[in-house]
Amino acid sequence: EDLQRKAFVEFYDVLAGDNWIENKGWGSTGSNMCVWPGIVCGTDGEDDFVEELRLPANNLTGNVDNIMLDNFRYLERLDLDSNSITGNLTAFSRTLASFPNLTH
């Protein structure tokens, strides 16, 4: 859970989270990521994990090449539509496609 939270804080930092439209709680490693706007969590009874990341039209800006996706592997749904994300989107998409639970 801590590794996942750190990964999402890094995601926030890389994609200019301070400028997002909805960002309350984001950027803090001490807060519960499951209450951050755009995040839907699941649990295995012991740990929480991010199943959905929904941040369409939220003013995300930045280069996805700078995001480590290893700790996003529990994602089942991802929506980053209508943002200003740059970088190698093909490689980003290929990495996401390798996640077993992600539907696209």
Side-chain angles (χ1 to χ4, degrees):
E1 190 175 322
D2 288 338
L3 289 175
Q4 232 189 358
R5 182 181 301 105
K6 287 178 186 175
F8 282 97
V9 169
E10 177 185 283
F11 177 87
Y12 173 87
D13 290 340
V14 168
L15 297 179
D18 288 342
N19 298 319
W20 293 0
I21 296 165
E22 295 286 334
N23 66 0
K24 185 176 181 182
W26 276 86
S28 170
T29 55
S31 65
N32 181 350
M33 66 186 172
C34 296
V35 299
W36 298 347
I39 286 188
V40 175
C41 286
T43 185
D44 61 7
E46 196 170 307
D47 292 315
D48 293 327
F49 46 90
V50 176
E51 289 182 335
E52 298 183 24
L53 181 59
R54 299 180 187 176
L55 296 169
N58 199 41
N59 200 37
L60 280 67
T61 58
N63 189 322
V64 294
D65 296 344
N66 300 322
I67 297 173
M68 296 296 296
L69 294 172
D70 296 345
N71 291 306
F72 288 54
R73 66 184 169 275
Y74 298 108
L75 279 180
E76 295 178 7
R77 182 174 178 168
L78 176 67
D79 185 355
L80 302 176
D81 190 38
S82 300
N83 286 292
S84 298
I85 297 172
T86 61
N88 188 340
L89 299 178
T90 301
F92 184 76
S93 297
R94 279 191 194 129
T95 301
L96 292 173
S98 71
F99 294 173
N101 300 320
L102 189 65
T103 57
H104 42 93

Exam field: side chain Asp79 to backbone Asp81, donor-acceptor pair closer than 3.5 Å: yes

Phe99 and Tyr74 aromatic centres sub-6.0 Å: no

4.5 Å side-chain heavy-atom contact, Glu76 and Leu102: no

CG-SG distance between Asp48 and Cys41, expressed to the nearest 0.5 angstrom: 5.5 Å

Within one Ile-Leu-Val-Met-Phe-Trp-Tyr cluster: Leu89 and Leu15, side-chain cutoff 4.5 Å: yes

Nearest heavy-atom neighbours spanning Asn71 and Ala7: CB-CB, 3.7 Å

Pairs satisfying side chain to side chain donor-acceptor pair (under 3.5 Å), at least one member in residues 8-27, at least two apart: Tyr12-Asp18

Val9 with Leu60, same ILVMFWY side-chain cluster at under 4.5 Å: yes

Interatomic distance, Asp70 atom CG to Gln4 atom CD [nearest 0.5 angstrom]: 12.0 Å

Sequence-distant partners of Ser28, side chain to side chain contact (heavy atoms under 4.5 Å, CB included), two or more places apart: Ser31

Shared hydrophobic cluster, Phe8 / Phe49 (ILVMFWY, side-chain heavy atoms < 4.5 Å): no

Minimum heavy-atom distance between Asn66 and Val14, given as atom pair plus value: O-CG2, 3.6 Å

Nearest heavy atoms of Glu46 and Thr43, plus distance in Å: N-OG1, 4.0 Å

Asn83 side chain vs Ile85 backbone, donor-acceptor pair below 3.5 Å: no

Cluster check Leu53, Leu69: I/L/V/M/F/W/Y, side chain < 4.5 angstrom: yes

Between CG on residue Leu75 and CZ on residue Arg77, distance to nearest 0.5 Å: 11.5 Å

Heavy-atom donor-acceptor pair, Asp65 side chain to Asn88 backbone, under 3.5 Å: yes

Verify same cluster id: Val35, Phe11 (apolar side-chain graph, 4.5 Å): yes

Value rounded to 0.5 Å, distance of CG in Leu55 from OG in Ser82: 12.0 Å

